[in-house]
Structures are given as C-alpha cells and as structure tokens.
Amino acid sequence: MPIITLTTDFGLQDAYVASLKAGLYQQLDQPTIVDVAHLIDPFHIGQAAYVVRSVYRDFPQGSIHFVGVDFNETPEQDLLVAELNEHFFVCADNGFLTLLEPELKPTQCVKLTLPQKVVQQKGIEAIAHLARGGALSLIGTPVQKLKQRTQHAPRVNPQKTEIQGHVLHIDRFGNVITNISKKLFIQTAQQRKFVIHARNHRFEQVFDAYHDAIRFDVPKEKREEAGKKLALFNQQGYLELAIYKGNPKYGGGASSLFGLAYLDPIRIAFISEA
Amino acid sequence: MPIITLTTDFGLQDAYVASLKAGLYQQLDQPTIVDVAHLIDPFHIGQAAYVVRSVYRDFPQGSIHFVGVDFNETPEQDLLVAELNEHFFVCADNGFLTLLEPELKPTQCVKLTLPQKVVQQKGIEAIAHLARGGALSLIGTPVQKLKQRTQHAPRVNPQKTEIQGHVLHIDRFGNVITNISKKLFIQTAQQRKFVIHARNHRFEQVFDAYHDAIRFDVPKEKREEAGKKLALFNQQGYLELAIYKGNPKYGGGASSLFGLAYLDPIRIAFISEA
Amino acid sequence: MPIITLTTDFGLQDAYVASLKAGLYQQLDQPTIVDVAHLIDPFHIGQAAYVVRSVYRDFPQGSIHFVGVDFNETPEQDLLVAELNEHFFVCADNGFLTLLEPELKPTQCVKLTLPQKVVQQKGIEAIAHLARGGALSLIGTPVQKLKQRTQHAPRVNPQKTEIQGHVLHIDRFGNVITNISKKLFIQTAQQRKFVIHARNHRFEQVFDAYHDAIRFDVPKEKREEAGKKLALFNQQGYLELAIYKGNPKYGGGASSLFGLAYLDPIRIAFISEA
C-alpha cells in the first residue's frame, strides 16, 4: 500500500492530527502514515508548499500526500485530488499545487464530489480511496483550471548585473533559505565575481556544504569555526544563509543575527571585471 | 490487535514517550500506536479529558487509550483499567474518567494489582494485557466508586433567560472552545433571539462552520473575510468563538483578540419578544 | 527486523525528519521507526547523550539508534557505526559515544566508507544495512580511537565531606536532573546526615519517588501537596530536584523556582556526628 504523508497546520497540542489518523485506521488495514510537519503556520499555504516541496520526492512514487492547510470547502473553494510528478496530493484548490510545482501541470486532477458532510471526512475518504488504488474519476470531476498563486519569483535586472530574491523560509536552526536557485545563480553569474547583500551583511562566496566554510588547513586553535557566517546552496538547490553550528536558542541563529525575516529581500550583485 | 493511543503530559523534548513505546514494543508484536498529544499541561486532568473526549470515538471500538497525565499510584490514588463506551482506558483514579464522560459509567473497571514496582511498567503491562485480549479481572480488582471530579457545568438561571458557561479549551489556532453544548443551547433558546457575551465582545449569531460566516454573495473585494470574528458549533458540538482564518502567531487568534483564557466566563442572554 | 530509533536536533517545523524516514522507507520493507526526540538543542551532543542514555536500554537488544545531532562528515570528523552494550548506534565521531557510556567501549566500531555524496544518505544506507543484518565491516573500516569527550564528572573532596556535581538536564516538567548518581551518593554518604545545596535551597532528605515526599498520614486538608519541593533519585538513578506536581508554565517548575540552569553547581555536604 502506498505511503500516506501528512502536512498540516493542526498543531501538536490538540487531537486534530489523531482524529485524522483515526479515520485512516478506520478505513485502511495497517496504513503506513508518515508525519511531515503539523506546525505549518495557520493557513500559510506558501510555507506548506515549501515544506512539502522539500521532501515529497524523497518518498516512493505513488505516495499520497495530504496537505491539511486551509483544507476547507466553500462556495469558492473546492477540495482536490491531483496526480503530479508521479505523486498524489489531497489538498484544497487554494493555490497550493501551483506554489508546489509552478512549472508542472497535474497529470490528472479532480475536485472531490464525495457525499460526506464533514470536510475532514471527505479528505479521509479520498486518501483511503487512493490508497486502495481507486481511480480519481470515481471520487470527483475533472478540474479545468486550478486557482493560481505565485510567489514572487526572483528577478534578474535587464543589465543582468543583479538577482533580486527574497527569504522563503527560516528553518529550525535559524537558517535563512532564499528563493534563489543554484541554477539561476550559475546562469546569471557567468563566472563573474559577486556580492550577496542581506541587510547589512555581505557574502562573497557560496559553498556547497556547511563545513566547506571551515579552513581545515588552519590549526584548530586559530580557527573561528562556530559562529562563522556563510552562504551555501542547500540540498534542495536554494541559496541559504547560515551560521556554522548556530543555535537560535542562544541568539546564534542566522535569521536573528542577520536580522532577516520571511519575504525580506536578498540581492546578489555581479561585478564585471573592468 | 486493537489500536493503542497515547495522551500524556510527557512533552516532546525528553525520552519519556519513547520509553513508554519501547516497553510496548518489548511486550507486543508490531503494535499499532497512535500519538494523540504529549503536550497536555502538566497534571492538567481537565485538559486531558477534553482532548481525549474530542477524539476517542473516532477510533475503532475496543481501542486502548493510555492517559499518562498524573499517572501515579499513591496510598490515595490507584491505577485503573476501565471499559467505557466500548473503549478501554488505562489511567489513574484521579477523576479523569468522570471528566471524560460525566454521564456514563464504566461497563467494567478495576484497580491494577500488578506486581511491577515502577508505575510506568504497570501501565505498559496493563496495555499489553488488554491488547492481547486479556480479561480485566486478571490484572486488577473491581472498583466500586471512582474518584469524582466535575467541571463546572454550564448553568441556566431559573428564569431561563441566561446560560452561564466558561472557556474549556483554547486550541492551536487560538479558537476559544466553551463548555456550552449545542444541545443545551437549543433547549434553552426555544427559538428566541440571543446575545453571546464574552468580555466586551458580542455575537448574535451561531454558525455551523467557519465559512458560513462569509457572505459569498457579496463581491470578494468588498468582503471582510480574514479577521472576521464568529461564533459556531464545532465538530464536537460545543460553542466556539473564533476568528475566520485567524493566526495566533500574528496576533490574530480569537483567544488573544477577545482577551479570553481558560475558565473565563461566557454568557448567553436570551431576549424575549415584548 | 530490529527497531530503529531517531534522536535528532532536526526540529518539528521542517521536513528534515520526514526526509530521513522517507529514505528508510525507500530502503526497507515496513521498518519500525520510533521517534525518541527531535528537539535536542542544535549541536548539543551532551543533551543528546543524556536523552539517548535514558532510554536506549528500554528497547530490545539489537535495536538501531540514529543520533542526528552534529551528524556531519568533515576532514576532521568521521561518521560511525558502533555496537555498544548490545545496541547499534549510527552517529558522528564527535564524542557522543564517550558521553553516552563513559565506562564502556564499543564491541565493534567502524567509520563509514560508503560512496554516497550526501551525508544523510550515508546515514540512511548505514541504518538500512544494519536493519538487514549486514556486517559492520562491509560499510566501514575499524576505528582505533574514538574522539573523547567527558562531561565534568561529580567530584568528591579529599576529606570525603562533600560531593560537587552539576545540573545535567532540565526536563519538560522543569525538574532538575543532576550528574550525581545514587551509587556515588551511597558510597560517599556512609549513612551520614547531609544537606544538598542548590543555590540558596537546601534539601536534607532524598526520596525514591515523587509522592514519597507527601505525608499521607496527615489529613489531606492540612497537607501542602502541590508545590512541595523535594529531592529524589529518579528512574535513571540520578539525583533530581523537583516540585511535587509542579508546572513550569505557571511558574511552578523546579528549575525556575530554584533558579537553576544547565551546568549550575549542586553540592552535597555530609555532616559527621560530633
């Protein structure tokens, strides 16, 4: 049976997640359920898209991903089941899918027409139906046009001397993840020197791993390891600003040290040799 | 094998929950364990009862619910195993069961007489015994009288012009859940108009779903959707005060906007037509 | 298949834990994965060692424990797989194993020589290899000398009139756990009277359970139960300072009431009869 993953803004203090799982256990025999995160900021579709995008491809193809963030049905918002990039998603038509994969269209997508009254029960039924290998056409009708939502994509100025992006996510370590991809950076840089500007902080180098910022050739007692600020391309291929072994609890996270918050601008200026 | 659910005040930063699970894995072959919540306020039996009550019926009959809140055995407090409403509960005789279902008596209830020295080990043994289908009489002796605890029930004044209740729970979204049930409301209201008073906030309408508060017939640009305060009867049938799509992190949760905390009074005044 | 436990500083707001689990599900058929804790302070090896030490023996022998705290491979730090005390550990050579069991040496220990590029992928491969019963020698080369890290052990003064220890951990309840073991206490005390000094608080008795501090022979209305400060030897055999039914949320946790933090000194003075 395919794996079912759960990403919600239900939190961990109430029984909301357990109620969802109870429903799945009622419907399925020994389902495999993996919690992705339940601490998505309430109704924050953009954050949910970032978190799901960073992990869904790690699961086997055919996995079912439930996105319980603004999972609500109203006269203006349907519930969806979509197959996208060989994975299934159960979510609302609130722009989530277009934020998840701006450049991909679902292979198939239906709006749920299940008779259940309670919205969560519809979600449970849809997941269980998919888990049993049921066809999408049996639980919904085709959707022609998804609600679009776009995050401000990073912008390259006409002279190609600058990339303007912004902060996309701040993780548990206080690391600042931007919306500037390695691909865009390399395309635009064309081997030129550059300076990354984040508030009044500057970075002139981008690493491929945290510890690449450490000068292991320098004797240890002369090194400034912990607390070293660095820019790197993370596992997901995005520019990240970090503090080597920073700990946000003790004021050592990148986001607080750099004074950066969600959506704050990040600018990369390229320097042409004279 | 029946599902085992865990509701505790053990928190998520220590290994207390894992230790409990380790014991269950030692005793049982491939048990199905579902976490309900581990962030119950320390020793807060009332909150545990609210959380468990909101979810236990969603699980299959015969499920085993461990309540690790004040789960301690003293000269004045026994450990219990009870069958109640077709579900099993392993908890302490601290009033939890009477708060969980004030109007139901257990079908059977024993106090544990297991020989293990450590209290958690007794809990694990009891859960495992139930999971294997063992009889309650083999691990304990019948309890005649449970320790009673009552939450202040909502009160209707003699003239039946008012219901006086209070805040029962504040959830992750900052929603304020009261102890006033839809049933009591309908009985008392007798179709009269009413005003709900919560501090200096007033509500003259109660909805059946969050989005029922939204005027979908009004053009979207003229609507005040997010941030709209509303009263509704929630899935569990209790009066809830909420902010449509409120986010407590950004000051938008109902409890902070209305200035309401656990046990604060909520009053419904009924207006007789002259 | 052996149980896999996860202890990390990955947090619960991102998809880092789910990514790890996804990898394990890709490699193994229906693995049993138990979360120990994912809220270890970032890079806090000492805390990870405390948390894992308090629970790993509760799992069946042969269990596999992944320690994702500072799990990084650098020119100066290898990744390890060790068999220690009949359990397997996948961790980094950053002193974790020597903090976990200062007095035990691994039965076998290799540094990983897997070809994967990404460090997390190496960890997943190593766990999966162990879970399939693979030999350590197939995925690494023997390690001669582990990186040593020692926590300040408690000290007994030459006159044997004092034990000097410190705070090792503060748990969810605000309980203060010290590095002074029951064994050391009994050896040193030799039945003498004593006073435990923690800041300006004094304890002249050590209990074996929280409720042993309560005088059940005194009528209930005359007792001061909740809020009673006490010292006890906890389940793990360490001296703990606690408040009976204390709740840190309402200012009632031991650590805040006693004004104690991680590494603060705790002193036991023994009093010789004149």
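In the text below, chain A, chain B and the rest are named by the order of the sequence lines, each starting its count at 1.
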Identify which of Val52(C), Asp212(C), Val55(C) forms the greatest number of heavy-atom pairs closer than 4.5 Å to chain B.
Val55(C)

Answer with side chain, backbone, both or neither: which region of Asp14(B) has an atom nearer than 4.5 Å to a non-hydrogen atom of chain C?
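Contact with chain C: backbone and side chain both.
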
Please look at Gln30(B) and chain C and tell me whether the side chain, the backbone, both or neither of the residue comes under 4.5 angstrom of a heavy atom of that chain.
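Neither part, no heavy atoms under 4.5 Å.
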
Is any side-chain N of the basic residue among Lys145(B) and Asp93(B) closer than 4.0 Å to the acidic one's carboxylate O?
no

Less than 4.0 Å between a side-chain N and a carboxylate O, is that true for Glu101(C) and Arg53(C)?
no

Engaged part of [X] at the chain B interface, taking heavy atoms whose separation is under 4.5 Å:
X	value
Leu6(C)	neither
Val51(C)	both
Gln235(C)	side chain
Asp35(C)	backbone

Between Asp58(C) and Tyr25(B), is any side-chain donor less than 3.5 angstrom from a side-chain acceptor?
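Checked: Asp58(C)/Tyr25(B) side chains show no N/O donor-acceptor pair below 3.5 Å.
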
Using a 4.5 angstrom heavy-atom cutoff, name the option from Val119(B), Asp70(B), Val17(B) with the most pairs to chain C.
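Ranked by heavy-atom pairs under 4.5 Å with chain C, first place is Asp70(B).
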
Relative to chain C, which of Gln26(B), Lys21(B), Gln120(B) shows the most heavy atom pairs under 4.5 Å?
Gln26(B)

Should the ring pair Phe10(C) and His38(C) be called parallel, tilted or perpendicular, given that the plane angle runs from 0 to 90° and is split at 30 and 60?
parallel

Can you tell me how the ring of His201(B) sits relative to the ring of Phe258(B), calling it parallel under 30°, perpendicular over 60° and tilted otherwise?
tilted

With a cut-off of under 6.0 Å to the ring centre and 45° to the axis, is Lys245(C) in cation-pi contact with Tyr210(C)?
no

Would you check if the distance from the ring center of Phe89(B) to the ring center of Phe66(B) is below 6.0 Å?
no

